[in-house]
Amino acid sequence: MATCENSCSTEDENDHQILSSKRIITILSDDEDLEINKNNKRQRSPSLPKPKPLQLMNKQTIKSNTRQTSLSIIRTNSDSNGNEERKWNLQTISSSSNENSSKQKKKKITQTKSVTVAQSRTSSTLIRTVSSPSIIKNDISNDPSRTLSFDGAVINEEDVFSQWNEKASISSSTSTNTTQSSSITVNSKSIWKEIFSKSTKSKPVDDELKQEWSALDKDQPSNNYRSNAAPVGVKRACPFYKKISGTAFCIDAFNFGNIDGIQAYFLSHFHSDHYGGLNKKFSNMLYSNQITCNLCKSELGIRSETMTILPMNEFINVHGIDVALLDANHCPGSNMFLFRFANGRLILHTGDFRAAPTLFKHPLIQPKQIDTVYLDTTYCDTRYRFPSQDEVIESAVGLVSDSLKENARTLIAIGTYLIGKERIFHAIAKALDCKIFVETRKFRILNQLENDDLSKRLTKNPHETNVHVVGMGSITQPMLQAHVDKYALRYNKIIGIKPTGWTTPRSTGGSKHYSIESKSSNITVYGFPYSEHSSFDELKDFIQYIKPKRIIPTVNVGRADLRDKMNGYFQQWLST
DNA sequence: GCGATCAGCT
DNA sequence: CACAGCTGATCGC
């Protein structure tokens with residue numbers, strides 16, 4: 001826990017500056033209290049411990065002739081549960097010097113913006129960000145990225161948070177003889193340098209790529225094929241980011257007929273927005289792993305002659321280039337593709353994936369070895385932070401067992417995709433030691449996933465268990481009402497579990513990661529932040545580990561402004 | 001009558 | 001919003 005004992009910066013240029021900053025901060029504190037009283041709302045809760053006196057923990061100063069900008073942590077609050085809050089101030093002091101007024105009094109104008117970030121000890125994720133005072137709330141409402149622009153310095157609130165996190169983890173892992181003293185002292189100049197300066201050294205999106213993207217914008221204003229509006233009868237061209245440059249390969253590109261120059265059609269996993277367009281008439285050669293090929297055969301009727309099953313974790317030569325399939329930690333049968341050219345150059349296509357240390361520390365993946373990464377950028381935005389799958393699963397299991405303790409005649413309905421989200425209902429069934437009801441098609445699909453315990457628990461008889469797996473679209477009040485009505489003799493209550501990454505985690509302080517989406521007398525719908533795509537931080541960790549030369553995003557690429565934003569992140573990640 | 005594609009919805 | 005569908009309408013054979 002952060003105490004502030006040795007946290008006053010010792011790296012500052014001189015004592016005078018520290019003193020002056022301290023003085024200014026005290027003034028700011030008064031301002032803030034004024035504002036609090038003015039609003040008459042934000043009185044401190046009596047339950048919170050008395051806040052420590054303001055303390056200057058560190059600061060960074062940028063000076064010019066007329067201005068001085070500094071960023072400092074000015075206060076930390078913590079409670080006995082390990083929740084912690086820090087307030088940072090970004091301020092400029094500008095002197096309005098009237099002409100050549102060497103004699104005239106310089107008028108000092110102090111402006112401040114502040115950001116408060118908080119985290120709970122029990123969860124490593126960001127649970128809340130609050131900004132004050134009101135002047136920057138306006139900015140935030142128009143700017144979901146929570147960027148503060150101040151005196152030429154652009155600071156992202158989330159960056160402040162992540163700097164804190166990184167430093168926190170470093171200090172906890174390296175603290176040996178020091179007790180709690182290495183308490184998150186964020187006083188290294190390099191950290192502030194990172195925040196303030198944007199390195200342009202790294203170019204994960206180079207000029208050539210930029211040209212490709214703008215050509216695509218011209219060609220296909222809406223290049224997200226889900227919402228493409230190609231004229232009837234006109235086949236859309238396959239966008240460049242679905243092809244692997246320098247090869248005759250494409251990935252998840254079945255909506256474009258026979259693509260010029262393509263010899264091998266790879267499929268990363270069996271979700272409809274990736275296999276879309278694939279049908280019995282397919283007459284090229286599809287490459288994927290055992291599970292995905294099985295599903296293509298049983299669900300789509302793809303003929304075996306048009307499929308090549310590739311092993312996992314092993315390079316196989318396909319049309320002159322080595323290809324290895326690596327587990328993508330997305331849904332069962334999902335994989336990433338690692339391509340190795342004759343000259344040793346490596347290209348990684350992540351497919352859809354959830355980055356995790358076990359995944360990117362794969363022996364075939366080493367830092368700086370990979371030239372280009374085609375990246376699943378689904379949640380490549382700072383607003384997407386969610387807990388690990390294990391944390392969410394634990395929370396769901398807890399909720400279900402609590403609900404059953406309260407009322408044994410409760411039916412549990414869990415929403416899923418065609419494949420995906422298995423771990424969450426499997427864990428619930430294991431905890432209750434019961435069977436899992438699924439419908440016929442789902443029964444067939446789940447039995448192909450090569451998971452013995454899961455298969456053993458499946459049943460097509462709804463009366464055999466109170467754990468029912470349904471489609472995600474069925475987790476609504478009317479559908480759940482209809483569902484429980486079917487089994488009214490046995491159950492009088494139903495809870496719906498909706499596991500999706502779009503549900504922002506709402507921590508209630510403990511380890512409960514769910515939110516109540518709707519509730520009526522006998523029906524409750526819970527949202528769980530259970531994601532099968534990487535969170536923002538996981539993407540960042542992944543990229544910073546791999547350190548690729550270029551990055552080609554494959555999701556959210558339909559709008560140039562979103563691409564620019566992602567490119568900004570990539571540069572930031574790779575500039576350290 | 002069937003499969004495939006598409007708009008609309010969540 | 002985007003994900004990963006699902007439903008129902010329309011088109012082609």
Side-chain angles (χ1 to χ4, degrees), chain A residues 141-145 222-236 252 254-257 267-283 292 295 299-303 328-334 350-354 375-386 389 413-422 424 438-442 445 469-480 482-483 496 498-504 517-518 525 527-536 539 553-563 565-566:
Chain A
S141 61
N142 293 328
D143 176 16
S145 66
S222 177
N223 64 30
N224 178 349
Y225 76 85
R226 297 191 73 92
S227 54
N228 83 71
V232 179
V234 177
K235 277 280 174 199
R236 276 189 54 228
D252 299 345
F254 300 94
N255 265 318
F256 314 101
L267 177 57
S268 66
H269 64 289
F270 196 76
H271 275 158
S272 71
D273 53 339
H274 291 261
Y275 66 67
L278 192 55
N279 59 43
K280 285 191 187 69
K281 287 180 289 188
F282 180 75
S283 56
T292 304
L295 291 167
E299 304 307 306
L300 301 174
I302 307 300
R303 291 168 290 130
N329 194 30
H330 180 62
C331 63
S334 64
T350 66
D352 278 4
F353 84 131
R354 180 154 185 183
L375 188 67
D376 166 19
T377 44
T378 300
Y379 293 125
C380 188
D381 188 302
T382 49
R383 78 192 112 152
Y384 299 119
R385 306 196 186 249
F386 32 74
Q389 288 185 356
I414 300 146
T416 69
Y417 299 140
L418 204 57
I419 53 172
K421 321 286 185 188
E422 290 77 14
I424 198 163
V438 292
E439 304 208 328
T440 311
R441 183 175 181 216
K442 190 85 183 165
I445 291 173
V469 168
V470 299
M472 201 69 86
S474 301
I475 308 289
T476 64
Q477 290 278 330
M479 300 280 265
L480 291 177
H483 193 85
K498 209 175 178 179
T500 161
W502 303 110
T503 303
T504 6
E517 298 213 336
S518 68
V525 174
F528 280 85
Y530 184 89
S531 172
E532 292 184 328
H533 293 273
S534 314
S535 69
F536 181 79
L539 276 179
T554 59
V555 183
N556 299 325
V557 293
R559 274 169 49 189
D561 56 332
L562 294 183
R563 289 200 310 265
K565 195 174 169 185
M566 292 194 282

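Below, read A as the first sequence line, B as the second, and so on, with proteins coming before strands; counting in each chain starts at 1. Quantities reported herein were computed from a predicted structural model and do not represent experimental measurements.
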> Looking at the side chain of A/D352, which of C/dG5, C/dA4, C/dC3 is the nearest nucleotide?
Replying inline: C/dA4

> If you check the A/R441 side chain, which of C/dC6, B/dA4, C/dA4 turns out closest?
Replying inline: C/dC6

> Looking only at heavy atoms, which two atoms of A/V555 and A/T377 are closest? And how far apart?
Replying inline: O-OG1, 2.6 Å

Presence of [X] side-chain N/O under 4.0 Å of [N] phosphate oxygens OP1/OP2:
X: A/H274; N: C/dC3; value: no
X: A/N279; N: B/dT5; value: yes
X: A/H330; N: C/dA4; value: yes
X: A/H271; N: C/dG5; value: yes

Expressed in angstrom and rounded to an integer, what is the separation of [X] atom [atom1] from [N] atom [atom2]?
X: A/E422; N: C/dA4; atom1: CD; atom2: P; value: 13 Å
X: A/Y417; N: C/dG5; atom1: OH; atom2: C1'; value: 8 Å
X: A/K281; N: C/dC13; atom1: NZ; atom2: C1'; value: 10 Å
X: A/E299; N: C/dG5; atom1: CD; atom2: P; value: 11 Å
X: A/R383; N: C/dC1; atom1: CZ; atom2: C1'; value: 7 Å
X: A/F386; N: C/dA2; atom1: CZ; atom2: P; value: 16 Å
X: A/Y379; N: C/dC3; atom1: OH; atom2: P; value: 8 Å
X: A/L562; N: C/dC1; atom1: CG; atom2: P; value: 13 Å

> Parallel, tilted or perpendicular: which describes the rings of A/F254 and A/F282, with under 30° parallel and over 60° perpendicular?
Replying inline: perpendicular

>> What verdict does the side-chain hydrogen bond (donor to acceptor under 3.5 Å, both in side chains) test give for A/H274 and A/D352, after you've listed the backbone C-alpha separation in whole Å, the side-chain angles of each residue and the deciding distance to 0.1 Å?
In response: CA-CA 9 Å; A/H274 291 261; A/D352 278 4; 3.0 Å; yes

> Are the aromatic rings of A/W502 and A/Y379 close, with centres under 6.0 Å apart?
Replying inline: yes

> Want to settle it: does A/Y384 or A/I419 sit nearer the 5' end of DNA chain C, counting the closest nucleotide to each?
Replying inline: A/Y384

> 5'-most contact on DNA chain C: A/G471 or A/V555, nearest heavy atom basis?
Replying inline: A/V555

>> Determine whether a donor-acceptor pair (N or O, by modelled atom type, separation under 3.5 Å) exists between the side chain of A/H269 and the backbone of A/G333.
In response: no

